[in-house]
Structure formats: structure tokens, C-alpha cells
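Only one structure is covered here, and it is reproduced in the block below.
Side-chain atoms are counted along with the backbone in the values below, which use heavy atoms only and exclude waters and symmetry mates. Computed from a prediction, not measured in an experiment: that's the story for all the values here.
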Amino acid sequence: MTEYGPRPVDRRLPTEEARDLLTLVRELAEREIRPTAAEEEDAGHFPRATFTLLSEAGLLSLPYDEEFGGGGQPYEVYLQVLEELAAARLTVGLGVSVHTLACHALAGYGSKEQRAEHLPDMLGGGLLGAYCLSEPSSGSDAASLTTRATREGDVWTLEGTKAWTTHGGVADFYTVLARTGGSGAHGITAFLVPADAEGLSAAAPERKMGMKGSPTAQLHFDAVRVPDSRRLGDEGQGFAIALSALDSGRLGIAACAIGVAQAALDEALAYTAERQQFGRPIADFQGLRFMLADMATQIEAGRALYLTAARLRDAGLPFSKEAAMAKLFCTDTAMRVTTDAVQLLGGYGYTLDFPAERFMREAKVLQIVEGTNQIQRMVIARHLAGPEQR
């Protein structure tokens with residue numbers, strides 16, 4: 001009888017250091033994350049201790065400069081780390097991606113003094129970040145946000161509500177986009193807000209179909225005072241900063257999606273090798289073999305697409321279109337692959353005794369966060385055909 005089952009991902013890594021890093025991440029994930037993932041997700045437990053461990057291991061700082069405590073790794077490597085973490089537990093992989101997104105504005109647009117003061121603790125000091133762009137009435141149309149920051153001397157006062165904030169209520173700092181000028185994209189400014197700022201509070205976490213261990217909550221800013229020294233970039237530059245962050249963040253979501261899809265394929269391979277019908281493993285039946293082949297092909301295509309975009313970013317070349325393509329394709333792939341994994345497990349795939357159903361529920365949110373896949377299609381089309389005629 002032929003032996004089937006999961007095989008390690010065959011990765012093309014640029015250095016031996018990167019290969020050693022991926023080995024470390026896989027071992028850590030298998031030891032510290034995967035064994036309790038299902039139980040903790042079912043209980044809605046946020047794994048703060050895991051993020052502390054990742055910070056101590058240098059895994060919350062990978063794509064940032066070593067000067068301020070970063071790992072100095074190219075995105076090509078960082079994203080494959082995210083993929084491994086997400087395959088073990090999406091709450092962790094996506095959490096690392098969100099934390100990286102929250103550090104982006106300071107690392108890329110903060111002054112040298114701001115970076116020296118805040119980045120070391122944000123990257124390796126055990127802190128966890130969150131990113132505040134969306135609002136109850138401002139999601140895909142992010143430029144219409146209404147949270148306002150008003151300046152008096154050297155202090156800004158923030159008023160408003162942010163929505164759909166991953167790590168809302170558990171983060172140590174928030175990168176917040178607020179309106180400081182007139183309507184539209186040019187009136188928005190970025191701020192670094194500490195979680196203990198007076199007047200800042202979090203609502204009860206949203207009740208979600210998946211990723212129950214990752215709190216998603218509204219944040220209320222009730223006369224939150226922030227010194228001008230925590231303004232990131234120039235006044236009115238915030239929306240450009242946000243778009244820059246989202247291009248990189250979309251690659252993080254793409255990598256997480258491939259991680260979830262790979263985990264679902266591994267589960268399907270293991271199950272179909274073990275499950276016997278008509279006197280042989282069901283993996284011997286052509287119909288199911290073709291499903292497995294399609295799943296694996298889609299995963300490899302998605303991995304190649306996000307790595308192509310990452311290499312463009314690492315080379316300092318434009319990658320916005322490729323990032324949107326990667327986010328679109330990889331998250332749609334995760335939805336298809338996880339759905340097929342449930343089908344391959346049959347009735348067992350629909351039960352809580354196997355992780356396939358959790359993977360399917362988790363994959364759905366990846367088609368929504370960091371810009372819905374409909375928005376990704378708009379971004380891609382603008383690169384191809386120019387802006388829409390109005």
C-alpha cells in the first residue's frame with residue numbers, strides 16, 4: 001500500500017540563516033502553539049503568553065532594521081515565518097502580521113528620535129500592537145473616517161470610535177488614523193497612542209464565527225490627549241502612510257492564508273491515507289486524488305505569488321498591484337482548499353473533533369480583512385486600466 005500524508009514544505013530560502021530560522025519557527029510552533037490551538041480557540045483564549053515568547057525569540061521584529069532591535073530579515077523570509085505560524089494557529093500568525101502593521105508607521109515615517117524611543121520596546125520588549133483605521137461607518141471607504149484629532153499647542157485631543165480592531169482591548173499601543181483637516185484623504189494624520197491613555201476604552205469583543213481567540217473590538221476615544229511627539233509623519237500624511245502599510249499588510253494576510261490552506265491539505269492527506277473504504281485507503285480513489293492534486297497546486301501557486309510580490313518589495317520596486325493579487329488569490333485559495341478539506345473528511349469534517357471545520361471558518365475572514373477581495377479587484381483593475389471615469 002502506498003504511504004500518504006503531509007510532507008514538509010519545500011522552501012526556497014535566500015540564506016542558511018533563513019533556513020535555520022524557519023526550522024526554529026516550525027519547532028516552536030509544533031511545541032508551543034499547535035498542541036493547544038483547537039482547545040484555546042474553542043474557549044476564546046487569547047494567547048498573550050505566546051506573543052511574549054515570540055517577542056523574546058525575536059519573531060515580532062523580523063522585517064525591521066537591526067538598529068532599533070529588528071531582525072533585519074527580508075519580507076521573503078518574514079512572510080514564510082508568518083505562513084508557518086498561521087498553519088499552527090491563525091490567531092498567532094495573523095496577530096504577528098497585525099503587530100508588524102502597527103509598527104509600520106513609526107518604523108517608516110517616525111523621526112529618528114521617535115524610533116529610538118519607542119521601537120525597541122515595540123519590536124522586542126514584549127509589547128503588542130494594534131492598527132486603527134476602520135470605523136463603524138468607514139470600512140472600504142477608509143478616507144471617509146470621522147475620528148477627529150484637534151490640536152491645542154503641543155497636544156492633540158482624539159474623539160471618535162474605531163471598529164474591527166484586532167487586539168482591541170489587549171494591545172499595549174495603537175497606531176491610530178484620525179482626521180486633522182478637511183474631508184477626504186488629505187486631512188488624515190497618524191498617531192501612536194499608548195493603551196493606557198486616559199479616555200481610551202475598548203468595547204466587548206465581537207462575537208465571531210472563527211478566530212475566537214483573537215479579540216476584535218471597537219475602541220472609543222473620549223478626549224484622549226496625545227502629545228505632538230507621538231504624531232507620526234507630517235500632518236495630512238496619514239492616509240498615504242495607511243496605504244503604504246496596507247500594501248505590506250496584504251502580503252501578511254496572503255501568507256497567513258496559505259498557512260491555513262497548507263494545514264487543511266495536511267489534515268486531508270493524513271485522513272485520506274488512514275480512512276479505509278472498499279478495502280483500501282480512500283486516497284487511492286481517483287476522484288479524491290484529483291481533489292488533493294488541485295488543492296496542492298493552488299497552494300503552490302499562491303505561495304509563488306506572494307513570494308514574487310515580497311521579492312519586489314525587498315528590491316525596492318513597486319509591488320502594490322502584486323500585493324493585491326496575492327491577497328486576492330491566496331485568500332480565495334484558502335477558502336476553496338479548506339472547504340474541500342471538509343468534504344474529503346466527510347461527516348467527520350463537519351465535527352469539532354477534527355480541525356478542518358475550524359480552518360474553513362478561519363479562512364472566511366481572510367477574504368475580508370486588510371481590504372475585502374472586491375477592493376483588491378478594484379486596486380488591480382486601476383493598475384491595469386487606470387482610475388475609473390467619474
Q. Are the charged groups of Glu27 and Arg31 less than 4.0 angstrom apart, N to O?
A. no
Q: Look at the side chain of Tyr64 and the backbone N and O of Thr100, then say whether any donor-acceptor pair between them is shorter than 3.5 Å.
A: yes
Q: Answer yes or no: are there more than 12 heavy-atom neighbours, outside Glu39 itself, under 6.0 Å from its atom CD?
A: no
Q | Side chain proximity check, Val224 to Trp156, heavy atoms < 4.5 angstrom | A | no
Q: Working to the nearest 0.5 Å, report the span between OH of Tyr306 and CD1 of Ile253.
A: 12.5 Å
Q: Would you please test Arg231 and Asp154 for salt bridge (charged side-chain N to carboxylate O under 4.0 Å, His left out) and show each step?
A: CA-CA 10 Å; Arg231 171 176 51 84; Asp154 288 334; over 6 Å; no
Q | Trace of the side-chain hydrogen bond (donor to acceptor under 3.5 Å, both in side chains) decision for Thr23 with Asp20 | A | CA-CA 5 Å; Thr23 299; Asp20 291 342; 5.3 Å; no
Q. Would the His167 and Phe173 ring centres measure less than 6.0 Å apart?
A. no
Q) Would the Tyr174 and Phe191 ring centres measure less than 6.0 Å apart? A) no
Q. According to a 4.5 Å side-chain heavy-atom criterion applied to Ile, Leu, Val, Met, Phe, Trp and Tyr, with indirect links allowed, do Leu90 and Ile258 form part of one hydrophobic cluster?
A. no
**Q.** Flag, side chain of Arg179 to backbone of Ala143, donor-acceptor distance under 3.5 Å
**A.** yes
Q.
I'd like to know if the side chain of Ser214 reaches the main chain of Met211, judged simply by a donor and an acceptor atom lying under 3.5 Å from each other, with no hydrogens or angles considered.
A. no
Q) Are Pro47 and Glu40 close enough that some pair of their side-chain heavy atoms sits under 4.5 Å apart? A) yes
Q | Expected output: side-chain Ser61 to main-chain Gly58 donor-acceptor under 3.5 Å | A | yes
Q | Ring geometry between Phe285 and Phe278 (parallel below 30°, tilted from 30 to 60°, perpendicular above 60°) | A | perpendicular
Q) For the side chain of Glu41 and the backbone of Gly213, is there at least one donor-acceptor N/O pair under 3.5 Å apart? A) yes
Q: State plainly whether the residues Glu370 and Arg250 are in salt-bridge range, i.e. N to O under 4.0 Å.
A: no
Q) Does a side-chain heavy-atom distance below 4.5 Å link Leu60 with Leu123? A) no
Q. Is any NZ, NE, NH1 or NH2 atom of the basic residue among Glu76 and Arg311 found under 4.0 Å from an Asp or Glu carboxylate oxygen of the other?
A. yes
Q) Are Val98 and Trp164 joined in one hydrophobic group, where the rule is that I, L, V, M, F, W and Y side chains link up if heavy atoms are under 4.5 Å apart? A) no
Q. What heavy-atom pair brings Ala88 and Ile33 nearest, and what distance separates the two atoms?
A. CB-CG2, 3.8 Å
Q) Side-chain contact, heavy-atom cut-off 4.5 Å: Gln262 with Leu265? A) yes
Q) Under 4.5 Å between any side-chain heavy atoms of Leu28 and Leu53, yes or no? A) yes
Q) Given Glu32 and Thr50, is the side-chain hydrogen bond (donor to acceptor under 3.5 Å, both in side chains) satisfied, shown in steps? A) CA-CA 8 Å; Glu32 304 289 345; Thr50 299; over 6 Å; no
(Q) Surrounding CD of Gln343 (heavy atoms of other residues, nucleotides or ligands, distance under 6.0 Å), is the total greater than 12? (A) no
**Q.** Worked verdict on Arg230 versus Gln114 for side-chain hydrogen bond (donor to acceptor under 3.5 Å, both in side chains)
**A.** CA-CA 8 Å; Arg230 282 181 171 264; Gln114 287 175 319; over 6 Å; no
Q.
Would a single hydrophobic cluster contain both Met122 and Leu128, if residues Ile, Leu, Val, Met, Phe, Trp and Tyr are joined by side-chain heavy-atom contacts under 4.5 Å?
A. no
Q: Any chance you could lay out the side chain to side chain contact (heavy atoms under 4.5 Å, CB included) test for Lys321 and Met325, step after step, and finish with the verdict?
A: CA-CA 6 Å; Lys321 178 187 70 176; Met325 287 177 168; 3.9 Å; yes
Q) Among the clusters formed by ILVMFWY side chains lying less than 4.5 Å apart, do Leu307 and Val77 turn up in the same one? A) yes
(Q) Under 4.0 Å between a side-chain nitrogen and a carboxylate oxygen: does that hold for Asp228 and Arg151? (A) yes
Q.
Please determine whether the number of non-hydrogen atoms from other residues, nucleotides or ligands lying under 6.0 Å from atom CZ of Arg225 exceeds 12.
A. no
(Q) Please evaluate residues Arg148 and Glu159 with respect to the criterion salt bridge (charged side-chain N to carboxylate O under 4.0 Å, His left out), reporting the C-alpha separation (whole Å), side-chain torsions for both, the decisive distance (0.1 Å), and the verdict. (A) CA-CA 5 Å; Arg148 179 161 288 279; Glu159 296 272 1; over 6 Å; no
**Q.** Under 3.5 Å donor-acceptor, Thr372 side chain and Ile368 backbone
**A.** no
Q: For Arg26 and Val81, indicate whether the former's side chain and the latter's backbone hold a donor-acceptor pair under 3.5 Å.
A: no
**Q.** Heavy-atom donor-acceptor pair, His186 side chain to Gly236 backbone, under 3.5 Å
**A.** no
(Q) Does Glu357 form a salt bridge (charged side-chain N to carboxylate O under 4.0 Å, His left out) with Arg361? I'd like the steps, not just the answer. (A) CA-CA 6 Å; Glu357 60 83 30; Arg361 288 186 288 107; 2.8 Å; yes
Q | Listed once per pair and sorted, the side chain to side chain donor-acceptor pair (under 3.5 Å) pairs that draw on residues 325-337, sequence neighbours left out | A | Gln298-Arg336, Lys327-Asn373, Thr331-Asn373, Asp332-Gln367, Asp332-Asn373, Asp332-Arg377, Thr333-Arg336
Q: Please tell me if the side chains of Leu106 and Thr175 come closer than 4.5 Å, counting only heavy atoms from C-beta onward.
A: no
Q) Using 4.0 Å as the upper bound for N to carboxylate O, is an ion pair formed by Arg313 and Glu322? A) no
**Q.** Connected via hydrophobic side-chain network under 4.5 Å: Phe329 and Met335
**A.** no
(Q) Are there over 12 heavy-atom neighbours, none belonging to Glu206, within less than 6.0 Å of that residue's CD? (A) yes
**Q.** Any Leu219 side-chain heavy atom under 4.5 Å of Thr161 side chain
**A.** no
Q: Apply the test side chain to side chain contact (heavy atoms under 4.5 Å, CB included) to residues Leu62 and Tyr75: give CA-CA distance (whole Å), side-chain angles for both, the deciding distance (0.1 Å), then the verdict.
A: CA-CA 8 Å; Leu62 289 176; Tyr75 247 65; over 6 Å; no
**Q.** Ser97: side chain to side chain donor-acceptor pair (under 3.5 Å) partners, not counting sequence neighbours
**A.** none
Q) Taking the side chain as C-beta and beyond, is there a heavy-atom pair between Met378 and Ile375 under 4.5 Å? A) yes
Q. Looking only at heavy atoms, what is the nearest atom pair of Leu85 and Gly93, with distance?
A. CB-CA, 3.9 Å
Q) Between Glu67 and Arg115, does a salt bridge (charged side-chain N to carboxylate O under 4.0 Å, His left out) hold up when you go through it step by step? A) CA-CA 10 Å; Glu67 179 183 1; Arg115 295 198 300 271; 5.7 Å; no
Q: For the pair Lys162 (side chain) and Ala217 (backbone), establish whether a donor and an acceptor sit closer than 3.5 Å, ignoring hydrogens and angles.
A: no
Q: For Ile241 and Ala190, work out which heavy atoms get closest and say how close.
A: CD1-CB, 4.4 Å
Q) When you check the gap from the basic side-chain N to the acidic O, do Lys208 and Glu362 get nearer than 4.0 Å? A) no
(Q) Any side-chain to backbone donor/acceptor pair from Thr272 onto Ala268? Under 3.5 Å, distance only. (A) yes
